[in-house]
**Q** 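Here it is: the structure, laid out below.
This one's a predicted model, so the numbers in the text were calculated from it and none came from an experiment. Just so you know, ligand 1 is whichever comes first in the structure, and atom 1 is the first atom listed for that ligand.
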Amino acid sequence: MARSYVHEARRRGLGRRRERIGPIVERLAEAHADAQIALRFRSDLELLVSVMLSAQTTDTNVNRVTEALFHKYRKPKDYLAVPQEELEQDIYPTGFYRQKAKAIRGTMRVLIEEFDGHVPGRLDDLVRLPGVARKTANVVASELGHAQGIVVDTHVRRLSQRLGLTRHDDPVKIERDLQRIVPRADWARFPHLLIWHGRRICDARRPLCEECVIEDLCPSSRLAVRSSDASGRARAGRASSRR
Ligand code: SF4
């Protein structure tokens with residue numbers, strides 16, 4: 001289990017999770033007004049394929065590949081009209097190209113057979129598609145305007161832990177904790193806010209706490225640690241001078 005900043009937040013009198021979440025969302029939304037999905041797509045189908053390709057690689061890399069890919073493959077049947085090896089070659093730079101090509105073709109088959117060639121908006125339907133796990137389904141559903149959960153990726157996990165919004169390490173449990181406190185209307189944008197804050201300010205190794213707009217709400221702020229160290233040293237200094 002992750003080091004718990006939930007307790008630390010209470011110890012420092014920062015307020016309960018439910019009290020802090022409102023200002024956290026508000027301030028991050030102001031600081032990262034441009035926070036949105038970095039993948040480029042023009043249709044529900046392109047969104048689904050992009051998210052499937054984004055596993056284990058960067059969004060930039062996916063965008064580079066899909067620029068040509070989406071000219072060649074426009075409908076679900078197009079992905080089945082070529083041999084699997086050809087699709088593998090077309091998505092090769094995204095890595096894990098064999099598994100991804102197999103999953104994409106399997107997904108296209110189900111879309112055609114069960115969903116009339118359309119991408120479903122319900123999470124329960126999305127997770128039935130081959131190679132579509134809960135995180136992928138959550139991203140797609142949220143972008144389609146039907147958020148039914150909260151996307152938990154590596155940034156969301158790190159920031160949720162640092163902010164003392166969860167005690168857990170497991171993405172499913174983290175999502176459950178977040179669903180309890182984040183207002184439903186913010187389920188789609190909340191992960192984007194944490195992802196962009198994580199990329200720009202709250203880096204895994206060197207968080208820029210001095211520049212952070214939610215520093216006073218964060219139980220793992222390095223500034224708070226420094227100031228409590230300084231006051232501890234001052235207290236120790238006063239005690240030794242009295243001796
Ligand atoms: S105060 Fe520091 S650790 Fe906390 S969210 Fe901001 S940058 Fe991250």
**Q** How about N138 and R134: do any of their side-chain heavy atoms sit closer than 4.5 Å?
**A**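 Yes, their side chains come closer than 4.5 Å.
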
**Q** Are V82 and Y73 packed together at the side-chain level, in the sense that at least one heavy-atom pair is separated by less than 4.5 angstrom?
**A** yes

**Q** State whether D90 and K72 are salt-bridged, where the test is any N-O pair (Lys NZ or Arg NE/NH1/NH2 against Asp/Glu carboxylate O) under 4.0 Å.
**A** yes

**Q** For a distance under 2.8 Å, give residue and atom name for each protein N, O or S atom next to atom 2 (Fe) of ligand 1.
**A** C209 SG

**Q** Above 12 or not: heavy atoms from other molecules or residues under 6.0 Å from CZ of R200?
**A**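 Buried by this count: over 12 neighbours within 6.0 Å.
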
**Q** Starting from V151, can I reach F190 by hopping between I/L/V/M/F/W/Y residues whose side chains sit under 4.5 Å apart?
**A** no

**Q** Can you tell me if N61 uses its side chain to pair, donor with acceptor, with the backbone of P93 under 3.5 Å?
**A** yes

